[in-house]
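One structure is given here, and the rest of the page talks about it.
Below, chains carry the letters A, B, ... as their sequence lines are ordered, and counting in each starts from 1.
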Amino acid sequence: MSNYNFNDIEKKWQEYWAKNKTFKANNNTTEPNYYVLDMFPYPSGAGLHVGHPLGYIASDIYARYKRHKGFNVLHPQGYDSFGLPAEQYAIQTGQHPAKTTEVNISRYRNQLDKIGFSFDWSREVRTSNPDYYKWTQWIFIQLFESWYCKTLEKALPISELINIFEEEGNIGVNAKCDKQQAEFSAKQWNDFDDEKKQRILLNYRLAYLAETEVNWCPKLGTVLANDEIVNGVSERGGYPVVRKKMMQWSMRISNYADRLLTDLENLDWSESLKDTQRNWIGKSVGAAIKFKVFLNKKDAQSNYIGATIGVFSTRPDTIFGASFIALAPEHELVQKITTIEQRFEVAKYIEETAKKSERDRMADVKNTTGVFTGAYAEHPFTKEKLPVWIADYVLATYGTGAVMGVPAGDQRDYDFAKKFHLPIKNIFKDIDVSEKAYEEKGNTIIANSDFISGMPHQKASEKVIEALEKLGQGKKKINYRLRDAVFSRQRYWGEPFPVYYKHGLPQMIDLKHLPLVLPKVEKYLPTETGKPPLGRADNWAWDTRHNIVVNKDLIDDITVFPLELNTMPGWAGSSWYFFRYMDPKNTQEFASKEALEYWKNVDLYIGGSEHATGHLLYSRFWTKFLFDRGFVPVNEPFKKLINQGMILGESAFVYYLELEFSNRVILNFALDKKTYEKLILDELEDFDYEIFKEHPCYDEDINFSNLNRLSVNKDNIKKSKNVPIEFVNNSNELDFEKAFQWEPNLKNIHYPLNSNGKYEVFREVEKMSKSKYNVVNPDDICEQYGADTLRMYEMFLGPLEQAKPWSTAGITGVHNFLKKLWRLYHTGENGAFFVNDNPASKESLKTLHKTIKKVTEDIENFSFNTSVSTFMIAVNELTAQKCNSKEVLEPLAVLIAPYAPHIAEELWQKLGYEQSISTVAFPVFNNQYLVEDSKEYPVSFNGKMRFKIELPLSLTKDEIETAVMAHEKTQHYLQGRTPKKVIVVPGKIVNIVG
RNA sequence: GCUCAAGUGGCGGAAUUGGUAGACGCGCUGGAUUCAAAAUCCAGUUCCCUCGGGAGUGUGGGUUCGAUUCCCACCUUGAGUACCA
């Protein structure tokens, strides 16, 4: 008697794989190689839920498949182990983040192991490991020691730039600086003192230190990158974010904007993900236009202030419609151009806008505000004097921080002009702009515009740019939305910068002395003086004589210097980890040339789409940089990328209203579905108050306060023996007794009951998270049904890339399939293993090869959900055929091995093999088993399906036509008529058009 | 607002380049086995019907002998982004 005892089988093979290092990748083979990578997890304290493994299962299936196909597969896993949650936990409990991280990692590892992944654990990396972050620090130094040459479109060593400066000055250098770098000659450069030289070089370095306006989150005590802010609040925690100027490390990613954009073309990524990156980079083509600023409207040269306002516009063709110029409140020219009369107003306005947080400003979109500076800008063609305003709808961080206001062509300019009674000049032929601006480009003809009147948009733009160039007041310009990335965090649990400060100037610590290891601190909070947590460390100064970390009391600024107090952001370590897996133990290089050359880039990368504008962009940036400097042989890190959809949790809630009565007794009334709908639709006028009126506490002056909700998920709290307390039955009815026991507050609610005398809870699908009590743990599924069932079921749920709610409703179907598969090999007495050497029936061979064909196609196309169905059909058919032949059952086991590796290994062993099934070649589809067969061809007349004719599958198109026309059924239908046309779709259908 | 994706039974979802819509699974119904239950197996299951058939892939058009698939317009939902000049 032999049952499908999945728990024993899975444990046995997981141990076998670990012991035999079955999935260890080789760095030097003659076989072709393939690199399958998952986005490595952040080991959070909550552990894995069933959503996490979805992508890992998909990549594991593909990795195992590729091994069967004879590839040397690299399929590693590791941990993105620096991060905020561990630090916040440390702040609360005083535990060192390294310790909690360690605990979380071992929990993760434990959970991952239970699912039977084919990871090569010998290559594990952890970003918080000093052996690893030594190289993150090293890459930072390389970025510091590089500048970006716009002419060659690549990063070059800073030493080459110094050479140029020494010989030619900076006049011929085509590089982007964070601020306008004044020109200097070779002689001037050579005469500068060292400090000045260093300051100038900082303007060119790819990693640079500069005072930048940053997103400051006071609650988290740190700055955040743009992609870490969602809807104006922090992604983590949802705290408010304000703008603040700080001295920060930044990365000149904007230099790579164009390459990051154009290189997307050749990547095998989904179009929607590419679009997200394209939008984020935000390329727009237009013109840079300079306006001369005058003190007043009078046309006298003496009123010229001697400054110009540069604007960027995607619509230079609308320049004759310009009626004002608007500056961002933070614009550097504001002070210089504001007239004496307007000074007070302007100062007041700027103070007000500075007070507003990013979020307030966003919430206030509809409310246009601004103030006149008193100055005027001269139109380059008409010489008209346009008033210069300050307006907070103009962003300091985009373009030049100034716009030319063309009310007719831009709705925001239109609203602004309306509000402040500025002229609205119509410059479009046959278009009405009396109500709103006309923003379409299309084929509109420009009018009332001097030399471009009568031209369409595109041509007019070109002409204007041409004319501006002649005047020296403008040129064609490409602008990007992508901004340089802030690289400093006021945090403890991150990579320390390998930087010390000599007289305020940053100096790099030599590679020989890396890693610079995180110092010990007593508390993980910022210091009392507002410095980052590293400011609390005593041993945090750099002794340049001995090249060691020493106590900060020894700082003398001669030989001992202060170290950087910021740490690197979370994305630092994750921007290059895929290279480290290639050679994870290397102590001399971040990865050896040979390893990098052997594996090249990641062939298949699977992870969530939430990293589209963060991790995936930064990784591409660092890879391009490392490529430019010759450290890696590839320009892009991830050839093919798949975003697995999120698995959502289903939550159950009680919604209740808190009602405050005049006698100050507070009562909670649970809502039924109908009332709830009325409430959210604000239709409370016809709300049924009768139920409340019956209550003794009812009063005319009921005060409705907030709508509350309470989770009553059935899987959220576990009894000691892992049995979920069932709060809610399948009809969504609440079990009061159990619910009250769990959450006594539920007792204080008055429930409207349905006809069964029960209360129906609300169901909603939302993200799985600990705080929502809707987490399903994969361990429980593995224990109850086995890892193979979990793997197949997660694939069976639906298309990989689609988001879907978790439900165990269909899991028995998949589990039954595995039991049937087991039985297929155990048809002996009392369920004993039984397989024979007899040749298989033609029918069984047909089933097998049909399955091989479909499953191979499915894996190649990543449609794993349909191949689970294919397996089910195959097993059902083979069971019906009573197939016991090795000829079919052996290849079948291999076929299923990527999906359900444990059961496949067990069957393989029972079939008499000692080697792991993962070394066996994948079955090859043989057409002959299908071709010899016949097929029913549907025959239609004028598109209407009439009957089917059975014909051999091997016929050609013409033969099918002849055979169909000669067939008695056809002749019977035609009754002597001659059809006009016969259409044959091979293998499909025959259409007769009469 | 802009960009993108998706709308198919009671449910999750199948359907090659346009070719028998609803595979497969869940659920449901009936049956077999059983003292009974679990487990397993078999049959049925889009809707309507006067049992001949008719309708049907968000809605309305179009192309085609033939449309879930291609084109146009609209509706709905989801995702991303947001004063980006």
Subject >> Out of B/rA14, B/rU81, B/rA85, whichever nucleotide has its closest atom nearest the side chain of A/Leu395 >> reply: B/rA85

**OP:** Figure out the CE/P separation between A/Met795 and B/rG12, and round it to whole Å.
**Re:** 19 Å

Original post:
If we take the P atom in both B/rU29 and B/rG80, what is their distance in whole Å?
Top reply: 41 Å

**OP:** Could you check how far NZ of A/Lys850 sits from C1' of B/rA23, rounded to whole Å?
**Re:** 11 Å

Subject >> Nucleotide forming a Watson-Crick or wobble pair with B/rG7, both distances under 3.5 Å >> reply: B/rC75

Subject >> Donor-acceptor contact below 3.5 Å, side chain A/Arg483 vs main chain A/Ser254 >> reply: no

Original post:
What is the distance, rounded to the nearest whole Å, between atom CG of A/Leu800 and atom C1' of B/rG13?
Top reply: 15 Å

Original post:
What do you reckon, is CE of A/Met646 surrounded by more than 12 foreign heavy atoms closer than 6.0 Å?
Top reply: no

Original post:
Once you round it to whole Å, what is the distance between P of B/rC24 and OH of A/Tyr793?
Top reply: 18 Å

**OP:** Check every atom of B/rA14, B/rU81, B/rC26 against the side chain of A/Thr812 and return the nucleotide holding the closest atom.
**Re:** B/rC26

Original post:
What does A/Pro805 touch in the nucleic acid at a heavy-atom separation under 4.0 angstrom: a base, only the sugar-phosphate, or nothing?
Top reply: nothing

Subject >> Any A/Gln277 side-chain nitrogen or oxygen under 4.0 Å from OP1 or OP2 of B/rG80 >> reply: no

**OP:** Check every atom of B/rA82, B/rG13, B/rA85 against the side chain of A/Trp280 and return the nucleotide holding the closest atom.
**Re:** B/rA82

Original post:
Can you tell which of B/rC41, B/rC4, B/rG12 lies closest to the side chain of A/Phe796?
Top reply: B/rG12

Original post:
In whole Å, what is the span from the NZ atom of A/Lys436 to the P atom of B/rC83?
Top reply: 22 Å

**OP:** Select from A/Thr400 and A/Gly813 the residue whose nearest nucleotide in RNA chain B is closer to the 5' end of that strand.
**Re:** A/Gly813

Original post:
With a 6.0 Å cut-off on ring centres, are A/Tyr414 and A/Phe416 close enough?
Top reply: no

Original post:
Expressed as a whole number of Å, how far does the P atom of B/rU69 sit from that of B/rG61?
Top reply: 15 Å

Subject >> Watson-Crick or G-U wobble partner of B/rU16, both distances under 3.5 Å >> reply: none

Subject >> Rounded C1' spacing from B/rC49 to B/rC71 in Å >> reply: 36 Å

Original post:
How would you label the contact of A/Lys853 with the nucleic acid (heavy atoms, under 4.0 Å): base, sugar-phosphate, or nothing?
Top reply: nothing

Original post:
Hey, is B/rG61 sitting syn or anti, using the within-90° cutoff around 0?
Top reply: anti

Subject >> Nearest-neighbour nucleotide for the A/Ser313 side chain, B/rA85, B/rG13, B/rC41 considered >> reply: B/rA85

**OP:** State whether A/Ser807 places a side-chain N or O below 4.0 Å from either non-bridging phosphate oxygen (OP1 or OP2) of B/rC11.
**Re:** no

Subject >> Distance-only side-chain donor-acceptor flag, A/Asp413 / A/Tyr393, under 3.5 Å >> reply: yes

**OP:** Return yes if a side-chain donor-acceptor contact under 3.5 Å exists between A/Thr369 and A/Asp392, otherwise no.
**Re:** yes

Original post:
Are the ring centres of A/His826 and A/Tyr4 closer than 6.0 Å?
Top reply: no

**OP:** Scan A/Arg278 against the nucleic acid and name what it touches under 4.0 Å (heavy atoms): base, sugar-phosphate only, or nothing.
**Re:** nothing

**OP:** With heavy atoms under 4.0 Å as the rule, sort A/Thr397 into base, sugar-phosphate or nothing.
**Re:** nothing

Original post:
Is any side-chain nitrogen or oxygen of A/Arg412 closer than 4.0 Å to OP1 or OP2 of B/rC84?
Top reply: yes

**OP:** Ignoring the backbone of A/Met872, work out which of B/rC26, B/rC24, B/rC83 is nearest its side chain.
**Re:** B/rC24

Original post:
Between A/Ser270 and A/Glu801, do the side chains contain an N or O donor and an N or O acceptor separated by less than 3.5 Å?
Top reply: no

**OP:** Hunt down the Watson-Crick or G-U wobble partner of B/rC84, both distances under 3.5 Å, from any strand shown, or write none.
**Re:** none

Original post:
Between B/rC4, B/rA82, B/rA85, which one does the side chain of A/Asp275 approach most closely?
Top reply: B/rC4

Original post:
Is the base of B/rG52 syn or anti, where syn means the angle lies within 90° of 0?
Top reply: syn

Subject >> Whichever of A/Glu271 and A/Asn876 has its nearest RNA chain B nucleotide further upstream toward 5' >> reply: A/Glu271

Original post:
Paired with B/rU29 by Watson-Crick or G-U wobble geometry, both distances under 3.5 Å: which nucleotide is it?
Top reply: B/rA43

**OP:** Look at the side chain of A/Thr276 and decide which nucleotide, out of B/rC41, B/rC84, B/rG80, has an atom nearest to it.
**Re:** B/rG80

Original post:
Is any side-chain N or O of A/Asn816 closer than 4.0 Å to OP1 or OP2 of B/rU40?
Top reply: yes

Subject >> Whole-angstrom distance between B/rC48 and B/rA43, as gauged at atom C1' >> reply: 24 Å

Original post:
Which whole number of Å gives the distance between the C1' atom of B/rA14 and that of B/rC83?
Top reply: 46 Å

Original post:
So, is A/Arg481 close to the B/rA85 phosphate, meaning a side-chain N or O under 4.0 Å from OP1 or OP2?
Top reply: no

**OP:** Look at the side-chain N and O atoms of A/Lys819 and state whether any lies under 4.0 Å from the OP1 or OP2 oxygen of B/rA39.
**Re:** no

Original post:
How far does the P atom of B/rG19 sit from the matching atom of B/rG52, given to the nearest Å?
Top reply: 32 Å

Subject >> Value in whole Å for how far the P atom of B/rC26 lies from CH2 of A/Trp806 >> reply: 15 Å

**OP:** Could you tell me whether A/Glu857 contacts a base, only the sugar-phosphate backbone, or nothing, with contacts defined as non-hydrogen atoms closer than 4.0 Å?
**Re:** nothing

Original post:
With rounding to whole Å, what would you report as the distance between B/rU81 and B/rG10 at their C1' atoms?
Top reply: 37 Å

**OP:** Round to a whole Å and report the spacing from CD of A/Glu439 to C1' of B/rC2.
**Re:** 11 Å

Original post:
Hey, is the side chain of A/Asn865 poking within less than 4.0 Å of OP1 or OP2 on B/rA14, counting only N and O atoms?
Top reply: yes

Original post:
Can A/Arg315 and A/Asp410 be counted as an ion pair, charged N to O under 4.0 angstrom?
Top reply: no

Subject >> Closest to the A/Ser869 side chain, choosing from B/rC24, B/rA15, B/rC83 >> reply: B/rC24

Original post:
Does the side chain of A/Tyr398 pick up a donor-acceptor pair with the side chain of A/Ser284 at under 3.5 Å?
Top reply: yes

**OP:** Specify the separation, in whole Å, of atom CD1 of A/Ile873 and atom C1' of B/rA23.
**Re:** 6 Å

Subject >> P atoms of B/rU33 and B/rC42, separation to the nearest Å >> reply: 16 Å

Original post:
Using purine N1 to pyrimidine N3 plus N6-O4 or O6-N4 for Watson-Crick, or N1-O2 and O6-N3 for G-U wobble, both under 3.5 Å, which nucleotide pairs with B/rG66?
Top reply: none

